[in-house]
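This one's a predicted model, so the numbers in the text were calculated from it and none came from an experiment. Only this structure's heavy atoms are used, side chains among them; waters, hydrogens and symmetry mates stay out. FYI, the numbering just counts along the sequence from 1.
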Amino acid sequence: MYHAVIHPSWDSSRCFELYVLNNPAEYGQDWFTDDLLVPILVGMDYLQKTGLILDFTDGHAVNGHDDNPEPYTMEKNVKGHFMVNIAHYLFGNLSATEAGN
């Protein structure tokens, strides 16, 4: 298992902490597809830190602890789990190029 903390270089107070499992031994074999991998699961620490308010019926959400909370919609994966856009959470509305700097 790996533990990582990701944060923008200009703001170490806004971070995303995650635990990730190793890829299974079967990873890389012809029959193995990426949908068999275990996703990054969002824990209670993230939910409490952000003050996430989520309408489970349609995915409308807001991070209540943000200085200027703005509503957004969380997408669902094929299994029906809501997904956190980690890049948007960390970098806001920056382009992919700007977020990479």
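- Of all the heavy atoms in P69 and G64, the pair that sits closest is CG-O, 4.2 Å.
- Under the 4.5 Å side-chain heavy-atom criterion for ILVMFWY residues, a single connected hydrophobic cluster contains both F91 and I86.
- The ring pair (Phe, Tyr, Trp, His ring centres under 6.0 Å) test applied to F56 returns F82, not counting sequence neighbours.
- No side-chain heavy atom of N22 sits less than 4.5 Å from a side-chain heavy atom of M1.
- When every heavy atom of L52 is checked against every heavy atom of A61, the shortest pair comes out as CD1-CB, 4.0 Å.
- The side chain to side chain donor-acceptor pair (under 3.5 Å) check on E75 picks up nothing, with sequence neighbours excluded.
- A continuous path of ILVMFWY side-chain contacts below 4.5 Å connects L54 to L47, so both sit in one hydrophobic cluster.
- Looking at residues two or more places apart in sequence or on another chain, you find a side-chain contact (heavy atoms from CB on, under 4.5 Å) between I6 and L18, L90.
- Every residue meeting the side-chain contact (heavy atoms from CB on, under 4.5 Å) condition with P24, not counting sequence neighbours, appears here in chain and number order: E26, Y27, F32, L37.
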Checklist entry - Does the side chain to side chain contact (heavy atoms under 4.5 Å, CB included) test come out yes or no for H60 and M74, once each step is laid out? => result CA-CA 6 Å; H60 282 90; M74 294 181 80; over 6 Å; no
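- H81 is linked by a side-chain contact (heavy atoms from CB on, under 4.5 Å) to N77, K79, counting only residues two or more places apart in sequence or in another chain.
- Looking only at side-chain heavy atoms (C-beta outward), N85 and Y72 stay at 4.5 Å or farther from each other.
- Note on M44: it clusters hydrophobically with Y89, by side-chain heavy-atom contacts below 4.5 Å among ILVMFWY residues.
- Under the 4.5 Å side-chain contact rule for hydrophobic residues, F16 and W10 share a cluster.
- Contacts of D66 classified as side chain to side chain donor-acceptor pair (under 3.5 Å), with partners at least two apart in sequence or in another chain: R14.
- Applying the side chain to side chain donor-acceptor pair (under 3.5 Å) rule to Y19 yields no partners; only residues at least two apart in sequence or on another chain are considered.
- Following chains of ILVMFWY side-chain contacts shorter than 4.5 Å, one cannot reach M83 starting from I53, and the two form parts of different hydrophobic clusters.
- With sequence neighbours excluded, no residue forms a side chain to side chain donor-acceptor pair (under 3.5 Å) with H65.
- Taking D55 as the reference, nothing meets the salt bridge (charged side-chain N to carboxylate O under 4.0 Å, His left out) condition, with sequence neighbours excluded.
- Within the structure, the side chain to side chain donor-acceptor pair (under 3.5 Å) test picks out the following pairs touching residues 35-50 (sequence neighbours left out): T33-D35.
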